[in-house]
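None of the values given here were measured: they were computed from a predicted structure. Basis for what follows: all heavy atoms, side chains included, without hydrogens, waters or symmetry-related copies. In what follows, chains carry the letters A, B, and so on, assigned in the order in which the sequence lines appear, proteins first and then strands, with residues in each chain numbered from 1.
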Amino acid sequence: MYITSTNINIPELFAQSHHPHSGAMVLFSGEVRGLNKGKEVDYLEYEAHEAMATPVFEAILKEAQEKWPLNGVTCIHRVGKLEISACAVVVITSSAHRKDAYAANRYIIDRVKAEVPIWKKEVYKDGSHDWGSNCECNHHGKTTSH
Amino acid sequence: MNSIKIDMYGGLKDFFDAETILPVYTIKKLSEVIAELISLQPDAEELISKCAIAINGAISREDFLISEIHELALLPPYSGG
């Protein structure tokens with residue numbers, strides 16, 4: 001499962017990710033920020049094209065495991081309404097040494113942000129809203145990740 | 001063919017229903033469907049120009065010929081994370 005509409009239970013996921021051959025575990029939690037572009041955020045809403053997102057998650061995690069000697073890898077993204085400080089996405093990587101766990105974790109979250117069909121709506125306390133964008137791009141041309 | 005359904009994601013929902021039904025009377029290229037959407041919502045042109053188009057869950061080319069059996073989705077630049 002890569003997408004969930006319920007709260008991500010970070011302690012439980014972390015506890016499930018221990019591995020007897022791992023000396024390092026890295027956990028990244030992308031969380032809802034209460035301030036964006038100088039405006040107070042009320043809440044976020046995420047949506048996904050789940051049928052298209054799942055194979056992209058699978059490919060990213062598979063490629064990470066091919067690039068680094070990982071003993072475990074987890075990535076779950078929330079959809080639905082999220083309050084401030086809620087976890088929107090979690091990536092957990094474990095490996096024998098920290099260098100690989102750190103590198104793989106960064107690789108996964110960067111690719112998830114750029115390649116997985118998920119969209120974020122930021123709703124501000126003044127009632128206005130923005131649609132997030134992780135790149136100044138179109139899908140047919142050059143992409144530039146932020 | 002009578003109509004096609006297009007699933008709209010992200011900021012497109014400021015311009016279109018999440019499931020937009022477009023009446024069509026002849027088989028059309030995907031590019032013609034896109035042009036029709038822009039004619040309906042000219043203010044959405046910039047965003048539409050940045051979108052990928054998925055047909056039955058796969059990113060497609062603009063010369064694809066659309067029929068009513070196809071599931072269309074318009075995908076703005078992603079913003080997960």
Side-chain angles (χ1 to χ4, degrees), chain A residues 2-3 28-33 36 44-57 60 75-79 82 87-91 106 108-122 128-146, chain B residues 4-22 29-38 40-66 68-81:
Chain A
Y2 302 103
I3 293 174
F28 170 79
S29 172
E31 306 197 338
V32 179
R33 197 172 56 238
N36 187 50
L44 299 189
E45 284 182 2
Y46 283 94
E47 64 171 338
H49 189 307
E50 294 200 27
M52 291 183 72
T54 297
V56 181
F57 274 114
I60 293 169
C75 182
I76 299 176
H77 202 297
R78 267 294 309 271
V79 290
L82 280 76
C87 174
V89 57
V90 65
V91 181
R106 175 69 184 265
I108 291 165
I109 189 60
D110 284 352
R111 286 197 57 191
V112 165
K113 287 173 74 76
E115 297 175 31
V116 180
I118 294 174
W119 297 270
K120 172 174 63 181
K121 181 180 183 180
E122 291 177 298
S128 62
H129 70 265
D130 277 331
W131 293 92
S133 177
N134 290 338
C135 59
E136 292 301 326
C137 64
N138 62 55
H139 289 295
H140 312 293
K142 182 180 176 184
T143 62
T144 308
S145 293
H146 285 176
Chain B
I4 52 173
K5 180 173 76 71
I6 307 169
D7 290 331
M8 300 291 185
Y9 287 90
L12 290 167
K13 289 180 177 174
D14 284 351
F15 301 98
F16 300 98
D17 292 337
E19 289 187 0
T20 294
I21 307 296
L22 209 58
K29 287 181 185 174
L30 194 47
S31 57
E32 294 174 304
V33 174
I34 296 305
E36 197 158 328
L37 289 171
I38 291 170
L40 288 171
Q41 287 287 359
D43 290 345
E45 180 171 6
E46 184 180 350
L47 180 57
I48 290 173
S49 71
K50 295 178 179 176
C51 288
I53 302 136
I55 297 176
N56 296 346
I59 302 297
S60 190
R61 293 157 44 108
E62 292 196 353
D63 58 357
F64 192 94
L65 292 174
I66 298 297
E68 60 194 338
I69 63 166
H70 293 117
E71 294 179 11
L72 267 71
L74 228 56
L75 314 174
Y78 308 144
S79 53

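Within 6.0 Å of atom CD in B/Glu45, 12 or fewer heavy atoms from other residues, nucleotides or ligands are found, so the atom counts as exposed in its surroundings. Annotation for B/Lys5: atom NZ counts as buried by contact number, over 12 foreign heavy atoms lying within 6.0 Å.
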What's the verdict on side chain to side chain contact (heavy atoms under 4.5 Å, CB included) for B/Asp7 and A/His49, showing C-alpha distance, side-chain angles and the deciding distance? CA-CA 10 Å; B/Asp7 290 331; A/His49 189 307; 5.7 Å; no
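Applying the salt bridge (charged side-chain N to carboxylate O under 4.0 Å, His left out) criterion to A/Glu115, with sequence neighbours excluded, gives A/Arg111. Residues meeting the side-chain hydrogen bond (donor to acceptor under 3.5 Å, both in side chains) test with A/Ser29, sequence neighbours left out: A/Glu31. For the side-chain hydrogen bond (donor to acceptor under 3.5 Å, both in side chains) test, residues two or more places apart in sequence or in another chain that qualify with B/Glu36 are B/Lys28.
Using a distance-only test at 3.5 Å, with no hydrogens or angles considered, no donor-acceptor pair links the side chain of B/Tyr9 to the main chain of A/Ile118.
Contact between A/His77 and B/Gly81 at its shortest, heavy atoms only, is NE2-N, 2.8 Å.
Heavy atoms closer than 4.5 Å to chain B are found nowhere in A/Lys121, neither backbone nor side chain. For a residue to count as touching a neighbouring chain, one of its non-hydrogen atoms must lie under 4.5 Å from one of that chain's; by this rule A/Ala48 touches chain B with the backbone only.
You'll find the side chain of B/Pro76 stays beyond 4.5 Å of the side chain of A/Trp131, heavy atoms only.
Residues of residues 10-17 of chain B lying under 4.5 angstrom from chain A, judged on non-hydrogen atoms, are B/Gly10, B/Gly11, B/Lys13, B/Asp14 by number.
Most heavy-atom pairs under 4.5 Å with chain B, from the set A/Val112, A/Val116, A/Val89: that is A/Val116.
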